[in-house]
Structure formats: C-alpha cells, structure tokens
Protein chains: 2
Amino acid sequence: MMTPELIVKTLKELDLKVTPQRVVILKTIADNKNHPTAEEIHKAVIKNQPNIAVGTVYNILETFVNNGIVEKISSKGDKMRYDLVSETHHHLVSKNSNLIQDYYDDELTGLIGRYLNKNTIPGFKVSGFKLNISGEFNKSGKN
Amino acid sequence: MMTPELIVKTLKELDLKVTPQRVVILKTIADNKNHPTAEEIHKAVIKNQPNIAVGTVYNILETFVNNGIVEKISSKGDKMRYDLVSETHHHLVSKNSNLIQDYYDDELTGLIGRYLNKNTIPGFKVSGFKLNISGEFNKSGKN
DNA sequence: GTCACTGCAAACCCTTTGCAACTCA
DNA sequence: TGAGTTGCAAAGGGTTTGCAGTGAC
C-alpha cells in the first residue's frame, strides 16, 4: 500500500511532472500484487480517470520503466505485465495459469547474493538477479 | 550440437510426425546458443526449406513448447525468443542489449535446489527454477 | 488412404507513434 | 507562459488463424 504522498515524492525525485494519470497508475501497480497487464491497469485507472487513453497508459508505463521504478515482466509469451521495482524478490510462476506471484525470501536472496559475490562470472558484471520458480499453486488458497 | 538421429528420436517419442520442417527448426534451436527469435529461426530455416512459411515456424514452435522440449523466453518486452529445454541452467541478461546468454553452474544450481527442497513454500509445489542474472557483458569477448 | 501438417495470406491484437489540445510548474 | 504531457486515432509489427493442398505413416 503506497500513500499518495509517497507517490508524489517518488515522482518529484525523478523530475517527473505530477499528473493525476501518473499518480493513479503508479498507485495501481503498487497496490496490485498480481502484476497487472497494461489492459488491466487501464481498466482500473478508468474508474478515476474516465478519459485516459490506452496509449497514455503505455506511455506512462514506459516512462516508469525508463526511470527504474517499474519493470516489465512476461509470462509464457503473453502480453507484458508490470511490476513495482522494490527490494530483491523472486517469482512463483504457475505452470497451469498465467499467475505470477511475488516471493520474498531474504535467506534465499542472501544465499544467492553471497554466492554471486564470491564466484565472479568471467566477462560479466552482475548487478542483480531474480529467481523464477515454476510449479503449481495448490487449489486451496493461492496466498 | 544435436544429431539428426537424436532429433528424429525426440520427435517420435512425442508422437509428432517427423517432417523436414520440424527437424530443421529443432536443429536450429539446438545448435543456436543465442536464443533465436521466430524471425531468426525462419531466416535460418529458409536455407534448407525455401518455401517454409512464417506461420509454420510459429506453429511448429508452439507445438514444441506444448510438448515441453522448447521454452519461450523474453527480454525486455521484445519479441519472444526460443530456448531448448535441457538441464537446469540460468540466464545472463544484458542490461544494455537484448543478449541473453546461457549460464551453466552446477554448484549454484545445487545450492538453490537444496534450499528449495529443505524450505518448502506454503501453497506452492516447486517443479523447477531458473535464475536470471542481470548485468553487463564486458566489451572484450562475450564468452 | 487418412489424418495431421504445411503454405499462404488475411486477420488479430498488443503496442507505438504523430499531432493537436491541454496542463503542471 | 511553455515545456512536457495527455487524448485520440491510425499505423506498426509480431503472432495467430482459416483453409485448401500436401505429405508422413
């Protein structure tokens, strides 16, 4: 849950003009843990900004991606999905559906991070990592 | 490097008809370590099968994906790329280009695998994983 | 001979782009 | 005010689809 104040602060720090469209879109991504598609974002945003154009949604998302606060992810060649950039976390990817769930595990992150620090990869400078864990969600309760 | 015999064997085991188009496409993916796009595959295949249609390339790739011998990957929302499913390996993803390189590291794979075996994830049954390591390739020699 | 597969081209749909109108700073 | 942003609609481009012809078994 991201407060409007924090969103405005984030945008200002990036020298991005604070428009209602940007605020609503960023809030939508921040509050939606399900990695929405551009279409889903547009549908959600239209409730607050009835005249917002799909193209605008894409433009704003692209701006966020370029400024490093949002990242594009994709599952199985479907449309792109958008994820708030935050602390290192991983993804649980369903083999049966298009569901992608965040998976936070500091111990696992630390384990991998320490390994990559000790064992350098020739010709490659590591700046980050993300583990995609594929499998199946149990029927009862996806959370 | 995959022998034609092995390719034929692979297709037969999956009850897929052995057509020249399928053989050539599978061989192209197997021999190309650079995760080709459908377009790149089409260009490569046309040398052997001058009349192959782009749609056919997509159809065959989709068949391979559905049969679990090829997987789709994507970098930064570009066109999809195709990767032979083989032993667990990881990806080095360039932040500056669209390059995705395979990264084999049994020690790292074992480390993560053992961790996921010990520490089960509530509500999720793990069947595999892949680590995406982002960073930059050095100018001199990408290999 | 049969049924799955291929070739072809049009359709699809997600995403990008150009431009006039608008608005945040 | 004016540089940057939005709305709109059309264009773009990768991928999918329908169907007639072909080929693997």
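Chain letters run A, B, ... following the sequence lines, proteins first and then strands; every chain starts at 1.
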Distance in angstrom units between [X] [atom1] and [N] [atom2], rounded:
{"X": "A:Leu61", "N": "C:dT16", "atom1": "CG", "atom2": "P", "result": "9 Å"}
{"X": "A:Ile25", "N": "D:dT5", "atom1": "CD1", "atom2": "P", "result": "13 Å"}
{"X": "A:Asn59", "N": "C:dC14", "atom1": "CG", "atom2": "C1'", "result": "14 Å"}
{"X": "B:Met80", "N": "C:dT15", "atom1": "CE", "atom2": "P", "result": "12 Å"}
{"X": "B:Arg81", "N": "D:dG14", "atom1": "CZ", "atom2": "P", "result": "12 Å"}
{"X": "B:Arg22", "N": "D:dA24", "atom1": "CZ", "atom2": "C1'", "result": "10 Å"}
{"X": "B:Leu11", "N": "C:dA4", "atom1": "CG", "atom2": "C1'", "result": "14 Å"}
{"X": "A:Glu40", "N": "C:dC14", "atom1": "CD", "atom2": "P", "result": "11 Å"}

Output all residues satisfying side-chain hydrogen bond (donor to acceptor under 3.5 Å, both in side chains) with B:Lys12, sequence neighbours left out; order by chain, then residue number.
none
What pairs of residues pass the ring pair (Phe, Tyr, Trp, His ring centres under 6.0 Å) test when at least one of them lies in residues 1-57 of chain A, not counting sequence neighbours?
A:His35-A:His91
Does anything in residues 5-27 of chain A form a ring pair (Phe, Tyr, Trp, His ring centres under 6.0 Å)? List the pairs, not counting sequence neighbours.
none
In residues 41-56 of chain B, which ones come under 4.0 Å of DNA chain C, going by heavy atoms?
B:Asn51, B:Ile52, B:Ala53, B:Thr56
How bent is the helix from C:dG1-D:dC25 to C:dA25-D:dT1, measuring the angle between the end axes built from five pairs each, rounded to 10°?
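Comparing the axis at each end, I get an angle of 50°.
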Which residues pass the side chain to side chain contact (heavy atoms under 4.5 Å, CB included) test with [X], not counting sequence neighbours?
{"X": "B:Val70", "answer": "B:Leu26, B:Ile29, B:Phe64, B:Val65, B:Tyr82, B:Leu84"}
{"X": "A:Ala44", "answer": "A:Thr28"}
{"X": "B:Val126", "answer": "A:Ile133, B:Leu116, B:Ile121, B:Phe124"}
{"X": "B:Thr109", "answer": "B:Thr88, B:His90, B:Phe129"}

For A:Glu40 and A:Pro36 the tightest heavy-atom approach is OE1-CA, 3.0 Å
In 5'-to-3' order, the base (B), backbone-only (S) or no-contact (-) status of each nucleotide in nucleotides 20-25 of chain C, using a 4.0 angstrom heavy-atom cut-off, is ----BS
Pairs where residues 103-116 of chain B contributes a residue and the test salt bridge (charged side-chain N to carboxylate O under 4.0 Å, His left out) is met, not counting sequence neighbours:
none
N/O donor-acceptor pairs under 3.5 Å from side chains in residues 45-63 of chain B, not counting sequence neighbours:
residue	atom	partner	partner atom	Å
B:Asn59	ND2	B:Gly55	O	3.4
B:Thr63	OG1	B:Asn59	O	2.9

Hey, are the side chains of A:Thr10 and A:Met2 touching, using non-hydrogen atoms and a 4.5 Å cut-off?
yes
